[in-house]
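A short worksheet on the structure shown next.
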Amino acid sequence: MKEVYFKIKRCLQRGRDSYWEEFVIPYRSEMTVVTALREIQKNPVNARGQKTTPVVWECSCLEEVCGACSMIINGRARQACSAFVARLEQPILLEPLSKFPLVRDLKVDRLEMSQNLRRVKSWIPVDGTHDVGPGPHQSVRHQQRVYQLSRCTHCGCCLEACPQVNPHNDFVGAYVISQVRWLNRLPSGALNAEDRVDALMASGGLSECSQAQNCVKVCPKGLPLAESIIEMQKSATLRLFKRSLGIS
Amino acid sequence: MLRPRAIVVGGGISGLMASLRIAELGGHVTLLSTLSLHRSGSVTLQEGINAAMDTKKEGDSPERHFQETIRGGDFLAHQPPVKRMCEAAPGLIHMLDRIGVPFHRTEEGWVDFRRLDGSLYHRAAFAGTTTGQHTHHALAGQIRHHESKGGVTLYEGWEFLSAVLDDQLMCRGVVAMNRASMEIRAFKADAVIFCTGGLGMIYGGSTPAILSTGSAAGVLYQQGVYYANGEFIQIHPSTFTGPDKSFLISEAVVSEGGRYYVLRDKEPWYFLEEWYPPYGNLVPRDIATRAILKVVENFHLGIEGEKEVCLDVSHRDPDSLYSRLGGIVETYRKFAGQDPCRGPMRVRPNVHYSMGGLWVDSCRQMTNIPGLFAAGECDYQYHGANCLGGNALLSSLYGGRVAGESAFCYIKGLEKGTDSVDEGYFTREIKKQTEDNQKILQKQGSVNPHRLHQQLGTLMRENVMTIRHNKVLAETDEKLQEMMEQWENNLTMTDVTHWANDELIFARHLRSMLHLARVITLGAFRRNESRGAHYKPECPDRDDNYWLKMTKAKYTEKGPEFSYEEVDTSLMRPCVRDYTTSGVLV
């Protein structure tokens, strides 16, 4: 392979017309989509030889832990930094995530993801950051489970893939439910587990999930999102049951 | 008095810690972050957080931690703040444990500790090899809590442009730009804390995140903040080169049994174990890096003639590796295409961390500009001439906490609050930055900023890395000045729009990088000795008679002006730094 063909969906600003622009980038071994976008920055010329502007996208760590470079690559939401060109069919189609407000080209505004975390009280209320001695004991096995859940990078891929994330409802998405499961499983987080479950039982919460299970398929970290949703639904049922008996 | 108001610039671990302390004390924090919090470079920190809790009964103590840190940094750190950090470390681990960092556990359920470089003790608490990510997420949760209570207002997607200083040269706020709308506005506060991270991008594709350009530190340096110990850049012994960056393989691998070797007469030669018996593969990073260079350059034993050596952990049980080194195993599989559980990893030294940074005082983390504080990798305080594994994260947490507390006290003691300061300082600074942007956008020369950056990275990697020669450093400084000239007069902007123009932001970062590159290069040129990460074959020894002092660079139009500050060695007398014997620490 000598060259790589890209078709990139571009748009200067939300509300303006979007258009496709093609690029031909010299191939380098082990090159990723990010490598190609950085080549365009150095030489912003499209496939027809016309000068253009560099493509705007978001990236930070380049090793798939910060979640910044999510985009749709050949129809699938994923991280650009780990999308190796040699394993992709050409022309490689790059589009911005569609479930978030567009900023420019491949960059979207994902601030609502932090707001959703606030909705479910995604934190452990502590008395302060001063030293009041060690936290609770945890078994090795338990630590391994919560460690796995804590690896979410807030990349937004699960929202992009979810049919229930659409303009007609305010579903918080799988990552938020998984985050609640993580916090509720921590011994110190368990003390306020019911507050978070209550928040997930409100509108936009657990009841919006339609069990399509697309989230699990796209999660770059392989988080057990469907399992998390089922577990939280169980917690919610138990909560309803207790409430109906007047014991909480 | 009104509620004390502070600004924290930077949403990494030290920025979150500083914000948290101020909010907790009852102040209000405006937290500016250039990306959304979760994208911070802190999430890439791997190996752990040092705290001498001696849970394995090895005789560790905060005093030992202090001694090893000072020796690891080749005696170039002021000792009292380092001592206080080591003493505070166990309390910080308890706090992180309570807020939800999933630290690995011992069988009994306590926090487990691993041994890292430059230490004989199991001292680093860790969450797999993604300790930074988990620490950051837990702290971000705490910030959300304070946000919901009104103690923190978060501005994500705002790029810091400059500090606002009044005529008494006190810091009164910052001017920042929204990365999407490009709106430029002033944020007022009585104190500003900068937690803006490192500068690895000056060296091109190094291990830090792509936004670690040192841009904010470079701007502050140009505004009059001293930049200290710039020449001390850590070259990490084990990284692998991926398509877009260098990936860190941290000492976590060694602590799980990883061994460096090269093939000599077809037999594996474990050179570090042979040369440094008590520490073996866990010698401090500067020493490991120079040993690797010796093996590949002097003995020509690099793998397939490349400047690479093997780091092998494949003799260990894969299940345990996955549970304790998950992040690294996954990254190496994904980006190097090999499985570290099945064969040795190929590693080479590359730029990792900056020990130097903005000069701060040793009690309060305040720079030479009143009201302007710094913490985290962007300060210079805790590592001297070399940073030990597990201390970077610790210093970010501790420095952030100290900066938060002392900024709060500083505000309480102010006679005249920012509200009574003339509005003109803010409007003038907004105007200045707006005009600066316009000037940059009009540049229609012939050099693309990203290409110029590529040249900068190559130049610095070739000339100002592990081994430094005065002649080369002098030539490098001349080239850097030529590049600055190129930036000024021959840059071309291909994107001149006023919406989400990342090229404009990058051009600004590049200007900062060039200034700091000169500080690094000239600092190295002047320091005629070898100490920690700074090594000159012309003067291969440490010279405590003349060079037991910190470099302080002050910006002038002609270039950096240097002065030096005595090191506070009041707690531990400098001695020979020798890792070939376990030595008895004083």
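Throughout, a chain's letter reflects where its sequence line sits, starting with A, and its residues are numbered from 1. Just the heavy atoms: all of them, side chains too, but no hydrogens, waters or symmetry mates, feed the values below. Only a predicted model underlies this, so the values are computations on that prediction, with no experimental measurement involved.
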Worksheet item: B:Ile99 versus chain A, heavy atoms under 4.5 Å apart: side chain, backbone, both or neither?
Response: both

Item to complete: Counting only heavy atoms closer than 4.5 Å, note whether A:Glu58 contacts chain B via side chain, backbone, both or neither.
Response: side chain

Worksheet item: Checking heavy atoms, do the side chain of B:Phe506, its backbone, both or neither come under 4.5 Å from chain A?
Response: neither

Worksheet item: Hey, which of B:Ala127, B:Ser181, B:Ser36 has the most heavy atom pairs under 4.5 Å with chain A?
Response: B:Ala127

Worksheet entry | With sequence neighbours excluded, residues passing side-chain contact (heavy atoms from CB on, under 4.5 Å) with B:Ala180 | A:Val103, B:Asn178, B:Trp499

Response to the item:
One option among B:Gly242, B:Pro90, B:Gly141 has the most heavy-atom pairs under 4.5 Å with chain A, and it is B:Gly141

Worksheet entry | A:Lys51 portion near chain B, given a 4.5 angstrom heavy-atom threshold | neither

Worksheet, complete the sentence: Interatomic distance, OG@A:Ser18 vs CG@A:Leu12, rounded to 0.5 Å, equals 11.5 Å

Worksheet item: So which part of B:His453 gets closer than 4.5 Å to some heavy atom of chain A, the side chain, the backbone, both or neither?
Response: neither

Practice prompt. To the nearest 0.5 angstrom, please state how far the CD atom of A:Gln79 sits from the SG atom of A:Cys69.
Written response: 4.5 Å

Practice prompt. Select one option (side chain, backbone, both, neither) describing which atoms of A:Arg118 are under 4.5 Å from chain B's heavy atoms.
Written response: both

Item to complete: Would you mind reporting whether A:Asp131 and B:Met95 have side-chain heavy atoms less than 4.5 Å apart?
Response: no

Fill in: Per-residue contact mode, A:Ser29 against chain B (heavy atom under 4.5 angstrom)
neither

Worksheet item: Quick one: of B:Glu107, B:Gln454, B:Met493, who has the most non-hydrogen atom pairs under 4.5 Å with chain A?
Response: B:Gln454

Worksheet entry | Pairs meeting criterion ring-ring contact (aromatic ring centres under 6.0 Å, His included) with involvement of residues 33-69 of chain A, two or more places apart | none

Discussion item. Heavy-atom cut-off 4.5 Å, strictly under: side chain, backbone, both or neither for B:Thr207 against chain A?
Written reply: backbone

Item to complete: Please examine the side chains of A:Leu117 and B:His38, heavy atoms only from C-beta on, and report whether any two atoms are closer than 4.5 Å.
Response: yes

Practice prompt. Could you look at A:Ser122 and say if it's the side chain, the backbone, both or neither that has a heavy atom under 4.5 Å from chain B?
Written response: both

Worksheet item: Heavy-atom distance under 4.5 Å to chain B: side chain of A:Arg151, backbone, both or neither?
Response: both

Worksheet item: Considering only heavy atoms, which portion of A:Leu186 lies under 4.5 Å from any heavy atom of chain B: side chain, backbone, both, or neither?
Response: side chain

Worksheet entry | Segment of A:Leu149 engaging chain B (4.5 angstrom heavy-atom cut-off) | neither

Worksheet item: Would you call the rings of A:Trp123 and B:His145 parallel, tilted or perpendicular if under 30° counts as parallel and over 60° as perpendicular?
Response: parallel

Item to complete: Would you give the length of the straight line joining atom NE2 of B:His136 to atom CD1 of B:Ile13, rounded to the nearest 0.5 angstrom?
Response: 6.5 Å

Worksheet item: What's the spacing between B:Asp502 CG and B:Arg179 CZ if we round to 0.5 Å?
Response: 5.0 Å

Discussion item. If we define contacts as heavy-atom pairs under 4.5 Å, which of B:Ile93, B:Asn448, B:Thr497 has the most with chain A?
Written reply: B:Asn448

Fill in: Flag if over 12 foreign heavy atoms under 6.0 Å of NZ, B:Lys149
yes

Worksheet item: Checking heavy atoms, do the side chain of B:Thr106, its backbone, both or neither come under 4.5 Å from chain A?
Response: backbone

Worksheet item: Side-chain contact, heavy-atom cut-off 4.5 Å: A:His137 with B:Arg105?
Response: no

Response to the item:
Bottom line for A:Lys221: the part with an atom under 4.5 Å from chain B's heavy atoms is side chain

Worksheet item: Relative to the ring of A:Tyr175, is the ring of A:His154 parallel (under 30°), tilted (30 to 60°) or perpendicular (over 60°)?
Response: perpendicular

Worksheet item: So which part of A:Pro125 gets closer than 4.5 Å to some heavy atom of chain B, the side chain, the backbone, both or neither?
Response: both

Worksheet item: Which of the residues B:Asp495, B:Asp244, B:Leu35, B:Thr494 is involved in the greatest number of heavy-atom pairs with chain A at under 4.5 angstrom?
Response: B:Asp244

